[in-house]
Asks: 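Just passing along the structure, written as structure tokens.
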Amino acid sequence: MKKTVITFGTFDVFHVGHLNLLERAAKLGESLIVGVSTDALNISKKGRHPIYPEGERVRLIQALRCVDEVFLEHSLEQKLEYIREYRADILVMGDDWGGRFDWLMPWCEVIYLPRTPSISTTEVIERIRT
Ligand code: CTP
């Protein structure tokens, strides 16, 4: 059976840690769906406006060869609805979320992938600032 993988994130100031995560997620199945956090969700989640607005972040992720479909994620609480809507077999998250989505295991496989060390959007913004 062909497997659909779903993952979520803000993917602001796109960097190689994001690419590594998406490429590894794609290899776990036949198609990769990505939920990109809205600007409003990012503000509530991380307490700051993203540098790139949601429409631009969606376009950047959609342009990647390893990504099949992109949608805007409006709420962290709707993971199950999104998993059902896109008929996802596997939820992939970075291990900074380790354990947080285990409650979805009755509906799909949940896999936490190790983060790429030493890079993050926050760190890139800080590096440019200083
Ligand atoms: N990610 C990763 N390795 C990194 C940075 C991010 O694997 N070095 C993964 C996250 O675990 C998540 C996805 O990429 O699954 C999107 O992460 P996001 O929160 O958008 O990026 P960060 O760089 O972690 O952003 P911030 O610094 O704003 O928290």
Side-chain angles (χ1 to χ4, degrees):
M1 197 190 84
K2 290 193 172 182
K3 292 206 167 164
T4 298
V5 181
I6 194 166
T7 192
F8 297 86
T10 304
F11 303 102
D12 190 25
V13 189
F14 192 76
H15 58 69
V16 76
H18 296 148
L19 184 61
N20 288 338
L21 187 286
L22 293 171
E23 286 183 340
R24 283 179 295 163
K27 284 191 184 134
L28 295 171
E30 278 70 37
S31 71
L32 176 63
I33 318 280
V34 183
V36 170
S37 302
T38 60
D39 295 340
L41 177 56
N42 193 67
I43 292 163
S44 72
K45 196 168 63 166
K46 303 198 181 187
R48 67 162 187 256
H49 286 271
I51 304 287
Y52 300 156
E54 59 196 32
E56 294 182 12
R57 288 183 286 110
V58 164
R59 284 186 59 204
L60 287 163
I61 301 298
Q62 184 70 78
L64 297 171
R65 206 179 301 150
C66 60
V67 172
D68 295 281
E69 196 171 340
V70 181
F71 66 94
L72 277 172
E73 180 191 23
H74 292 272
S75 159
L76 292 180
E77 320 308 322
Q78 286 173 16
K79 290 268 185 311
L80 180 56
E81 283 87 332
Y82 296 128
I83 285 165
R84 284 183 163 149
E85 184 180 344
Y86 291 96
R87 298 175 191 280
D89 303 291
I90 306 172
L91 169 65
V92 168
M93 299 294 294
D95 63 2
D96 44 328
W97 293 93
R100 286 272 299 276
F101 295 104
D102 287 357
W103 63 274
L104 289 162
M105 283 176 178
W107 290 279
C108 63
E109 200 177 332
V110 180
I111 297 177
Y112 303 99
L113 293 178
R115 280 172 70 92
T116 302
S118 314
I119 189 157
S120 70
T121 297
T122 309
E123 188 264 342
V124 172
I125 295 170
E126 277 308 306
R127 216 191 308 158
I128 293 166
R129 261 205 193 115
T130 54

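For the numbers below, each heavy atom of this structure counts, side chains included, while hydrogens, waters and symmetry mates do not. Both ligands and their constituent atoms are indexed starting at 1 by order of listing.
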Asks: Does ligand 1 come near enough to T122 that some N or O of the ligand is less than 3.5 Å from an N or O of the residue?
Replies: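 By distance alone, the answer is yes.
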
Asks: Nearest protein heavy-atom contact for atom 14 (O) of ligand 1: which residue, which atom, what distance?
Replies: H18 CD2, 3.6 Å

Asks: Tell me which one of T10, D96, V92 gets a heavy atom nearest to atom 11 (O) of ligand 1.
Replies: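 Nearest option to atom 11 (O) of ligand 1, by heavy atoms: D96.
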
Asks: Are the side chains of V36 and E54 in contact, using a 4.5 Å heavy-atom criterion?
Replies: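 Counting from C-beta outward, E54 and V36 never come under 4.5 Å.
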
Asks: Quick one: which ligand 1 atoms are inside 4.0 Å of a heavy atom on I119?
Replies: 4 (C), 5 (C), 8 (N)

Asks: Starting from atom 9 (C) of ligand 1, what is the nearest protein heavy atom, named by residue and atom, and what distance separates them?
Replies: L21 CG, 3.7 Å

Asks: Identify, by atom number and element, the atoms of ligand 1 in contact range of G17, meaning under 4.0 Å from any of its heavy atoms.
Replies: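 By the 4.0 Å cutoff, the relevant atoms are 2 (C), 3 (N), 4 (C), 7 (O).
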
Asks: Can L91 be reached from Y112 by stepping across I, L, V, M, F, W or Y side chains whose heavy atoms are under 4.5 Å apart?
Replies: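 Shared cluster, yes.
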
Asks: Looking at E81 and R84, does any basic side-chain N land under 4.0 Å from a carboxylate oxygen?
Replies: no

Asks: Mind checking whether F11 and H18 have parallel, tilted or perpendicular rings, split at 30° and 60°?
Replies: perpendicular

Asks: May I ask you to check whether G9 has an N/O atom sitting below 3.5 Å from an N/O atom of ligand 1?
Replies: no

Asks: For atom 3 (N) of ligand 1, what's the nearest protein heavy atom and its distance?
Replies: T116 N, 3.1 Å

Asks: For atom 25 (O) of ligand 1, find the nearest protein heavy atom and state the residue, atom name and distance (0.1 Å precision).
Replies: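 The closest heavy atom on the protein side is K46 NZ, 3.1 Å.
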
Asks: Kindly assign one of parallel, tilted or perpendicular to the pair F71 and F8, based on the angle between their ring planes and the thresholds 30° and 60°.
Replies: perpendicular

Asks: I need the W97 CH2 to L76 CG distance, nearest 0.5 Å.
Replies: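 Atom-to-atom, W97:CH2 and L76:CG are 5.0 Å apart.
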
Asks: Which residue holds the protein heavy atom closest to atom 10 (C) of ligand 1, what is that atom called, and what is the gap in Å?
Replies: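 I find the closest protein heavy atom is R115 NH1, 3.7 Å.
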
Asks: Would you mind telling me if ligand 1 is within reach of the side chain of R48, the backbone, both or neither, using heavy atoms under 4.0 Å?
Replies: side chain

Asks: Counting only nitrogen or oxygen atoms and a 3.5 angstrom limit, does T7 reach ligand 1?
Replies: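 Such a contact does not occur with ligand 1.
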
Asks: According to a 4.5 Å side-chain heavy-atom criterion applied to Ile, Leu, Val, Met, Phe, Trp and Tyr, with indirect links allowed, do L113 and V16 form part of one hydrophobic cluster?
Replies: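 No.
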
Asks: Looking only at protein heavy atoms, which one is nearest to atom 20 (O) of ligand 1, and what is the separation?
Replies: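 Residue, atom and distance for the closest contact: F11 N, 2.8 Å.
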
Asks: Checking R87 side chain against T4 main chain: does a donor-acceptor pair fall under 3.5 Å?
Replies: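 No; zero donor-acceptor contacts below 3.5 Å.
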
Asks: Side chain, backbone, both or neither: which part of E123 has a heavy atom under 4.0 Å from ligand 1?
Replies: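 Neither part.
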
Asks: After noting the C-alpha distance and the side-chain angles of R59 and E56, does the key distance pass the salt bridge (Lys or Arg N to Asp or Glu O under 4.0 Å) rule?
Replies: CA-CA 5 Å; R59 284 186 59 204; E56 294 182 12; over 6 Å; no

Asks: Say you draw a straight line from CG of L32 to OH of Y86; how long is it, rounded to the nearest 0.5 Å?
Replies: 12.5 Å

Asks: Starting from atom 15 (O) of ligand 1, locate the nearest protein heavy atom and write down its residue, its atom name and how far away it is, to 0.1 Å.
Replies: G94 N, 3.2 Å

Asks: Under 3.5 Å between any N/O of D95 and any N/O of ligand 1: does that happen in this structure?
Replies: no

Asks: Tell me whether E23 is salt-bridged to K27, with the criterion being a basic N under 4.0 Å from an acidic carboxylate O.
Replies: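 Looking at K27 together with E23, the answer is no, because their closest N to O distance does not fall below 4.0 Å.
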
Asks: Judging by distance only, is a nitrogen or oxygen of M93 under 3.5 angstrom from one on ligand 1?
Replies: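 No - when backbone and side-chain N and O of M93 are compared with those of ligand 1, no distance drops under 3.5 Å.
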
